[in-house]
Structure formats: structure tokens, C-alpha cells
Amino acid sequence: MGTEQTFAILKPGVLQRRLAGEILTRLEKKGFNIIALKLASLSREIVEEHYAEHKGKDFYEPLLKYMMSSPVILMILERENAIKALRKLAGPTAVDDADPGTIRGDFGVITRRNLIHASDSPESARREMKLFFSDDEIHPFLDGNARWY
Ligand code: CMP
């Protein structure tokens, strides 16, 4: 598996709970290159498009409200096997199933307000990156530490 890109959202609880630095540190330490990063206050339109697959589920409306409630951090991350590696670092969706050591396991309290979204497949990653970032906002770089991993 070669270098791969994935997309992540640090949800409203992250900035509110002052967890941004800690989570970014975990990502960097695990070898992810942060190749795009910005804050955004999400519109209903873009959140609906992002979470279209969940439309009609009981948690859909609360999820939209949560995602629009306060600014989020949007990111594109690059690494070997990035999609799987990030989902593993994030932990499972249900916070009570998430082991200590994962982001959801260490900081999540309520599943509906879990702290991170991570793309679940190469197709989702491509779609989500395109939805939130333009090409000129993405800055891949050579990881000088890669030979030490
Ligand atoms: P995320 O990875 O962003 O993708 C969809 C989100 O919906 C998920 O994280 C949770 O925040 C929320 N979600 C998914 N499944 C459930 C569920 N069973 N109950 C409540 N919220 C859920």
C-alpha cells in the first residue's frame, strides 16, 4: 500500500473543549502529514451533502445541528495506508466501544457528539476532500522523517 490521502473533520466539541492541539499532536506523531487544514463554520447545505447517506436515520437531524453549532477543523492527511490508520486512531463510532488510546475512546462521551469524522473508503475520501477543499488549498510535502519510521 503506497501513500494515501484521507479527509477528517475535528467536530465542534474539539475547539470548544480545547482539544485541537492534543489531537493534532497525535496525528503528527503517528506519521500523518497535514497537507490541508482550515477552520470553517459549516452551512446546512454542505453538512447535508457530506452526511447524505445518513438522511432519514434518527440521529440525522441532531447530527446536522451539532455540526453547525460551532466551528470545525477540516483536514486532509497523507500517509501510508492513511484511511485505515486514521480510522484506527479515531476508534469506532460508538464511544462506549472505543478503546482507551483512541481519540473517541479517550475523549468521546456521547456518540452523537463524537469528536472526529474520518473517511471510510478511498471513494469517500475523494468525494469529501473535493467537497471541502479546492486544489490550491492542498499542499503535499516530502516527509523528511519517513526513513526513520
Ligand atoms: P461520523 O464518523 O462523523 O459519521 C456519521 C456520524 O453520525 C458519526 O460520526 C456520529 O457522530 C453519528 N452517528 C453515527 N451512528 C450513530 C448512532 N448510532 N447514534 C448516534 N449518532 C451516530
Side-chain angles (χ1 to χ4, degrees), residues 1-140:
M1 170 63 83
T3 298
E4 187 176 60
Q5 295 178 356
T6 191
F7 171 76
I9 307 177
L10 303 186
K11 299 184 185 184
V14 171
L15 282 170
Q16 290 286 343
R17 293 173 58 194
R18 308 296 197 265
L19 291 170
E22 175 139 14
I23 294 174
L24 291 175
T25 297
R26 287 185 180 207
L27 299 173
E28 287 192 303
K29 282 187 176 164
K30 194 64 186 169
F32 289 95
N33 284 6
I34 299 170
I35 63 166
L37 180 77
K38 65 184 175 187
L39 288 193
S41 297
L42 300 179
S43 66
R44 185 173 180 97
E45 195 183 11
I46 203 163
V47 183
E48 277 183 353
E49 188 165 347
H50 175 64
Y51 282 127
E53 67 182 291
H54 295 301
K55 193 168 181 164
K57 295 183 184 164
D58 64 331
F59 59 83
Y60 179 71
E61 275 301 325
L63 176 63
L64 295 196
K65 280 208 181 76
Y66 176 53
M67 295 303 290
M68 296 184 296
S69 64
S70 191
V72 297
I73 298 173
L74 304 168
M75 281 184 289
I76 299 176
L77 301 163
E78 189 168 78
R79 213 200 81 156
E80 290 278 313
N81 214 3
I83 294 171
K84 189 171 173 200
L86 184 62
R87 290 193 52 96
K88 195 148 187 175
L89 206 63
T93 304
V95 293
D96 291 333
D97 294 338
D99 286 331
T102 65
I103 292 167
R104 289 166 171 168
D106 285 347
F107 307 120
V109 180
I110 296 172
T111 296
R112 285 187 180 188
R113 294 203 285 272
N114 73 17
L115 290 171
I116 181 166
H117 166 81
S119 303
D120 62 5
S121 66
E123 298 70 42
S124 307
R126 268 194 295 278
R127 183 180 72 82
E128 293 168 359
M129 283 184 244
K130 229 178 139 103
L131 182 60
F132 290 98
F133 285 99
S134 56
D135 286 349
D136 64 358
E137 292 177 309
I138 304 171
H139 306 276

Return yes if some donor-acceptor pair links the side-chain N/O of [X] with the main-chain N/O of [Y] below 3.5 Å, else return no.
X	Y	result
R79	G31	no
R126	S121	no
E22	L19	no
E4	I83	yes
R26	L89	no

Compile the donor-acceptor pairs under 3.5 Å between side chains in residues 64-75 and protein atoms, sequence neighbours left out, one pair per line.
unit_1	atom_1	unit_2	atom_2	d
Y66	OH	G13	N	2.9
S69	OG	Y66	O	2.6
S70	OG	Q16	NE2	2.7

Looking at side-chain heavy atoms only, is the closest gap between R113 and K11 below 4.5 Å? no

Which pairs of donor and acceptor atoms, one on a side chain in residues 92-100, lie under 3.5 Å apart (sequence neighbours left out)?
none

Angle class for the F7/F132 ring planes (parallel below 30°, perpendicular above 60°, tilted otherwise)? parallel

A118 versus L86, closest heavy-atom pair with distance: CB-CD2, 3.6 Å

Near K29 NZ, under 6.0 Å, is it more than 12 heavy atoms from other residues, nucleotides or ligands? no

Show the numbers, then the answer: is there a side chain to side chain contact (heavy atoms under 4.5 Å, CB included) between I116 and V14? CA-CA 8 Å; I116 181 166; V14 171; over 6 Å; no

